[in-house]
Asks: 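Submitted below is the structure of interest, expressed as structure tokens.
Chain letters run A, B, ... following the sequence lines, proteins first and then strands; every chain starts at 1. Any value given below was found using the heavy atoms of this structure, including those in side chains, with hydrogens, waters and symmetry copies removed.
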2 protein chains.
Amino acid sequence: MDDIDRKILSILQVDSQISMAALSQRIGLSLSACHRRVKLLEADGTIRGYAAQLARKAVGLEVQVFIEVKLNSQRREDLEAFEQAIRAMPEILECHMITGEFDFLIRVCVRSPTDYEALYRERLSAIPAVSQMKTLLSLATVKEFRGYHLP
Amino acid sequence: MDDIDRKILSILQVDSQISMAALSQRIGLSLSACHRRVKLLEADGTIRGYAAQLARKAVGLEVQVFIEVKLNSQRREDLEAFEQAIRAMPEILECHMITGEFDFLIRVCVRSPTDYEALYRERLSAIPAVSQMKTLLSLATVKEFRGYHLP
DNA sequence: CTTGAAACTCACATGAC
DNA sequence: GTCATGTGAGTTTCAAG
């Protein structure tokens, strides 16, 4: 993992459809050398895959919410029950265990406030391990994720 | 935007390198019809782009942090000054304006706790519009974003 | 929407330096 | 690391049903 690799990754993070020829030119390497590096980055797991980036609202997901969750306890059973429940809900896009007053931070996207209410009341609150939740409704996206910054 | 489009998007969100032929087979459409739909989804902005997904730790970003930020006021100058400062910091990957006790939620990835301390003390705290911050250190990723759920 | 064909671009593997 | 090259695969477009 050197500066050339980081340069390759920075470009592929933004546009993975660039041709090897164009990519090699932008980083100042020959096509085959560049190609070899990309294949290595794929093989060693640095590049996990290639994905289409969708416009959230264009696919009808008007509502984005972050939820802080506190569990009844940090006992193994509660943690695992919660995590399993989370993984089973496709509307929950990500979930992080965090420090602080709450135990987890999750991100959710749904079509409407009504859908969020249903998710919140009928599915999240129904998880026995959950003791408290705090909804952080996203009003606007100031900055959207477009790849990691590789210094 | 019908069920076929959603099926296409669900697949491309996970693997954008699938060939048109394979994609068309998976959704049960002819190659040309499938191709036309994908191009339309690209043209109308539903597909914003194609990106390589990187393994965060593989690129040396061991520390992931969420930060809740409260501003001194909701006056236009403060909001704009804050948002401009946020957009100028590449380590800040995303930023959302939120409801609740705090005004913004931001996500940051850095190499080390030391790097985070520097960012927190020297760059974030230095923004005049900021009055209060709360750090939510990510201890573990329970569920990682792998595309929106399209019902 | 379908099939089928033609034209073209790239990816990929190879061999040599 | 570089360059050159040939083949196969995939993309893209078009015609016709």
Side-chain angles (χ1 to χ4, degrees), chain A residues 1-61 111 144-151, chain B residues 1-61 111 144-151:
Chain A
M1 171 66 56
D2 57 11
D3 284 351
I4 297 177
D5 281 339
R6 273 184 281 271
K7 211 165 171 183
I8 290 174
L9 294 172
S10 292
I11 294 171
L12 290 182
Q13 256 186 316
V14 175
D15 174 18
S16 68
Q17 288 202 326
I18 186 173
S19 73
M20 280 292 165
L23 179 62
S24 63
Q25 283 189 350
R26 280 187 58 180
I27 63 172
L29 226 58
S30 74
L31 193 152
S32 49
C34 179
H35 182 260
R36 197 177 313 138
R37 280 173 178 266
V38 171
K39 291 301 149 190
L40 276 173
L41 290 166
E42 289 172 353
D44 72 12
T46 304
I47 296 177
R48 275 196 344 216
Y50 297 92
Q53 310 288 299
L54 306 190
R56 177 169 59 84
K57 293 186 181 171
V59 294
L61 298 171
R111 301 183 63 86
E144 216 160 350
F145 180 66
R146 293 195 195 284
Y148 296 114
H149 175 238
L150 307 179
Chain B
M1 171 66 58
D2 56 10
D3 284 351
I4 297 177
D5 281 340
R6 273 184 280 270
K7 211 165 172 184
I8 290 174
L9 294 172
S10 292
I11 293 171
L12 290 181
Q13 256 186 316
V14 174
D15 174 18
S16 68
Q17 287 202 327
I18 187 173
S19 72
M20 280 292 167
L23 178 62
S24 64
Q25 284 189 350
R26 280 187 57 180
I27 63 172
L29 226 59
S30 73
L31 194 153
S32 50
C34 179
H35 181 257
R36 196 179 314 133
R37 279 172 181 267
V38 171
K39 290 302 148 189
L40 275 173
L41 289 166
E42 289 171 353
D44 71 13
T46 304
I47 296 177
R48 274 195 346 215
Y50 296 93
Q53 310 289 299
L54 305 189
R56 177 169 60 84
K57 292 185 180 171
V59 295
L61 298 172
R111 302 184 64 85
E144 215 160 351
F145 179 67
R146 293 195 195 284
Y148 297 112
H149 175 237
L150 307 179

Asks: So which nucleotide from dT12(D), dC1(C), dG1(D) ends up closest to the side chain of Leu29(A)?
Replies: dG1(D)
Asks: Nearest whole angstrom, please: distance from the C1' of dA4(D) to the NE2 of His35(A).
Replies: 16 Å
Asks: First locate atom CZ of Arg56(B), then atom OH of Tyr148(A), and finally report the distance between them rounded to the nearest 0.5 Å.
Replies: 6.0 Å
Asks: Just how far, in rounded Å, is C1' of dC10(C) from CE of Met20(B)?
Replies: 15 Å
Asks: Tell me whether the side-chain N/O atoms of Lys39(B) come closer than 4.0 Å to OP1 or OP2 in dT11(D).
Replies: no
Asks: Is any side-chain N of the basic residue among Arg146(A) and Asp15(A) closer than 4.0 Å to the acidic one's carboxylate O?
Replies: no
Asks: Do Ser32(B) and dT3(C) have a side chain to base donor-acceptor pair shorter than 3.5 Å?
Replies: yes
Asks: Would you mind telling me which of dT12(D), dG1(D), dA11(C) lies closest to the side-chain atoms of Arg37(A)?
Replies: dG1(D)
Asks: Whole Å only: how far is the CD atom of Gln17(B) from the P atom of dC10(C)?
Replies: 15 Å
Asks: Rounded to the nearest 0.5 Å, what's the gap from OG on Ser10(B) to CG on Asp5(B)? Could you check?
Replies: 10.5 Å
Asks: Please report the distance, rounded to the nearest Å, between CG in Leu31(B) and C1' in dT3(C).
Replies: 11 Å
Asks: dC1(C) P sits how many Å from Leu40(B) CG, rounded?
Replies: 9 Å
Asks: Please state how far atom CD1 in Ile27(B) lies from atom C1' in dT2(C), giving the value in whole angstrom units.
Replies: 14 Å
Asks: Just call it for Ser30(B): base, sugar-phosphate, or nothing, with non-hydrogen atoms closer than 4.0 Å on any strand.
Replies: base
Asks: Among the nucleotides dC1(C), dC10(C), dT12(D), which one has an atom lying closest to any side-chain atom of Ala33(B)?
Replies: dC1(C)
Asks: Of all the choices, dG1(D), dT13(D), dC10(C), which nucleotide is nearest to the side chain of Arg36(A) once you look at every atom?
Replies: dG1(D)
Asks: Rounded to the nearest 0.5 Å, what separates atom CG in Leu54(B) from atom CD in Gln13(A)?
Replies: 4.0 Å
